[in-house]
Number of protein chains: 2
Amino acid sequence: MARNASRAPSAVRSRDAAAEPEPVRRRLLSEATRLFAERGFEGTSVQEIVTAAGVTKGAMYHYFDSKDDLLHEIYGRVLRMQMERLLMFADGPGTVTERLHAAAADVVMTSVANLDDSKIFFRSMHQLAPETYKSVRAERRRYHERFRDLVAEGQREGVFRSDVPADIVVDFFFGSVHHLGTWYHADGPLSGAELGAYFADLLLRSIAPEPAEAGGS
Amino acid sequence: MARNASRAPSAVRSRDAAAEPEPVRRRLLSEATRLFAERGFEGTSVQEIVTAAGVTKGAMYHYFDSKDDLLHEIYGRVLRMQMERLLMFADGPGTVTERLHAAAADVVMTSVANLDDSKIFFRSMHQLAPETYKSVRAERRRYHERFRDLVAEGQREGVFRSDVPADIVVDFFFGSVHHLGTWYHADGPLSGAELGAYFADLLLRSIAPEPAEAGGS
DNA sequence: GCTGATCAACCGACCAGTCGGTATCCTACC
DNA sequence: GGTAGGATACCGACTGGTCGGTTGATCAGC
C-alpha cells in the first residue's frame with residue numbers, strides 16, 4: 001500500500017533528495033492530476049501518465065488498483081483537505097456571519113490554488129465506477145451539509161434571511177465555486193484572495209436580511 | 001434488419017407525419033444527447049448512439065461528419081436557443097432590474113427543462129476538436145457579454161452596486177446555473193420555475209445597493 | 001536469498017471512421 | 001404512363017489503431 005508514500009527513507013534510499021523530489025506514488029498522482037485536468041479522464045491514457053511520471057505501467061499498477069483508483073485517490077485528497085478547512089472555520093471563533101464569510105472565502109482561495117483539482121472534479125466524476133462514484137458523492141454531501149448547517153444557524157439567529165432554503169443557498173454558492181475551473185486563470189488580474197473576498201461578499205449579501213421592511217412574523 | 005425500425009416507407013414515404021415522429025437525424029441528436037449526458041462523450045460509442053436511434057453507423061455518418069460534429073450540433077442548438085431568449089428579455093420592456101430578473105429566472109428554467117444539455121455542456125466541451133472548441137467558447141462568451149452589459153447598465157443607473165465588477169457577478173451567477181445538471185432532479189420537490197425565482201432573487205439581492213448606509217456618491 | 005519495486009512485452013477488447021453496396025425516391029424525357 | 005438515370009438515405013462488414021490491464025523477468029536493499 002502507501003507504505004513509502006508518506007515518509008522519506010531519509011538516509012540511504014534516494015541519496016540525493018533533489019534528484020527525486022517526489023516518490024513515485026506521489027509523482028504519479030500529481031502528473032495524473034495535471035493530465036486529467038488538461039485532457040479529461042477518458043482522454044488521458046495510462047501510458048501518458050506513467051511516461052510523464054518517468055516510470056512504466058508496472059509501477060503504476062503496483063501502487064494503484066486501476067486507473068479508476070488513481071482518480072479516486074485524487075478525489076480523496078481534495079475532499080479531506082476541503083472538509084478539514086471547512087471544519088476549522090465553521091467550528092472556530094467568531095459570529096456565524098464571520099465564520100461563514102471566512103469559510104466561503106477560503107474555499108474559493110483553495111479552489112483556485114488547486115485549479116486542476118477543480119477542473120477534474122465535475123468533469124470526470126461520472127467516469128468513476130458506480131460504487132466509487134457513490135462514495136465520493138456521499139463525502140461531498142457531508143461537506144455540503146456542514147456548510148448548509150452554518151447557513152441554517154444564521155437563519156435561526158435571524159442574521160440571515162429565512163425565505164430562501166439553506167440548501168438552495170449552498171447549491172447556488174457551490175455552483176459558482178465549482179465552476180471556477182472553467183474560467184479562472186491564475187495569470188489573470190485577479191488573485192485568489194480577491195476573488196474569494198468578492199464571492200464571499202456576494203454570498204453574504206444575497207442572504208442578508210431586509211434592513212427595514214416592517215413586519216417579521 | 002433495421003428496415004422495420006421505421007415503418008413508413010412502404011406506402012407513400014412519410015406523408016403521414018405520425019408514422020415516424022422523429023426523422024433519423026433528429027433521433028440521432030436526441031439519443032446522443034441522452035447518452036452523452038448519461039455516460040459522457042468519451043464514454044459513449046458511436047455504435048451505442050446508432051443502436052439507440054435504431055439505425056446503423058452509415059446513417060450517422062451520412063448526416064454528420066464525425067462524432068465531434070454531432071456534439072457540436074448539440075451545442076449549437078442550445079446556444080442559439082439561449083441567446084435568443086436572453087435577447088428577448090434583455091431588449092424587452094421594463095426596468096433593468098425587471099429585465100435582469102426575468103432573464104436570470106428564464107435561463108434557470110430552460111436549463112432545468114433541458115437538463116441533459118446542461119450536463120453535457122461543461123462535462124464534454126473540452127473533448128471537442130480545438131477549432132470547434134474555440135467557436136463554441138466564442139459564442140458562449142457573446143452570451144455572457146450580453147448578460148454582463150445588462151448588469152453594467154444597472155450599475156451605471158445606480159440601481160445595482162458598483163463595487164463588484166459586472167464580470168464577476170456574471171461568472172458567479174452562471175457558475176450556479178451551469179452546475180444545475182449535477183444536483184437538480186426533475187422529480188424533486190422543486191419546480192424549475194420555483195428554482196428560477198430563488199436564483200434570480202439571490203442574484204438581484206447580491207447586487208442590490210446599500211439601502212441605508214449614508215454616503216454613496 | 002528473499003521481498004518489494006519496477007520493467008518491457010504482450011493481449012483481448014473496443015472504437016471511430018470507411019467503403020462498397022442496396023433500396024427508394026425524384027425528375028425528365030419519351 | 002412507363003422508364004432511364006441520378007440523387008438521397010441507409011446498411012453493415014471491415015480496418016487500423018488504441019487502450020486498460022496482465023505477466024514473467026529483473027533489480028536493489030535488507
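Per chain, numbering begins at 1; letters A, B, ... match sequence-line order.
Contact annotation for B:Ser45: backbone-only contact, meaning every heavy-atom pair under 4.0 Å involves sugar-phosphate atoms and none involves a base.
Distance CD (A:Gln47) to P (D:dT22): 15 Å, rounded to an integer number of Å. Taking atom CD on B:Gln127 and atom P on C:dA16, their separation rounds to 12 Å, with Å as the unit. The nearest whole Å value for the distance from the CZ atom in A:Phe64 to the P atom in D:dG20 is 15 Å. Spacing between atom CE of A:Met60 and atom C1' of D:dG21 amounts to 9 Å, rounded to whole angstrom units. Straight-line distance from the CZ atom of B:Arg26 to the C1' atom of D:dA9: 17 Å, rounded to whole Å. Straight-line distance from the CG atom of B:Asp68 to the C1' atom of C:dA16: 11 Å, rounded to whole Å. Here D:dC11 presents its C1' atom at 13 Å from CG of B:Leu28, a figure rounded to the nearest Å. The CD-P distance, from B:Glu42 to D:dT18, rounds to 14 Å in whole Å.
Taking only side-chain nitrogens and oxygens, B:Tyr61 never comes nearer than 4.0 Å to OP1 or OP2 of D:dA9. Taking only side-chain nitrogens and oxygens, A:His62 comes nearer than 4.0 Å to OP1 or OP2 of C:dA5. Taking 4.0 angstrom as the limit, A:Lys67 places a side-chain polar atom (N or O) nearer than this to OP1 or OP2 of D:dG20.
If you check distances only, the side chain of A:Lys57 never reaches the base of C:dA8 with a donor-acceptor pair under 3.5 Å.
With ring centers used as reference points, A:Phe174 lies under 6.0 Å from A:Phe147. For A:Phe172 and B:Phe172, the ring centers sit closer than 6.0 Å to each other.
Nearest heavy atom pair, residue A:Ile120 against residue A:Phe36, reads CD1-CB, 3.6 Å.
Residue B:Tyr63 places its side chain closer to D:dA9 than to any other of D:dC11, D:dA9, C:dT6.
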Which atom pairs, one a donor and one an acceptor, fall under 3.5 Å between side chains of residues 122-130 of chain A and the rest of the protein, sequence neighbours left out?
unit_1, atom_1, unit_2, atom_2, d
A:Arg123, NH1, A:Ala37, O, 3.2
A:His126, NE2, A:Arg123, O, 3.2

Evaluate B:Asp167 against B:Arg148 for salt bridge (charged side-chain N to carboxylate O under 4.0 Å, His left out), listing each step before the verdict.
CA-CA 6 Å; B:Asp167 277 317; B:Arg148 181 205 57 196; 3.6 Å; yes
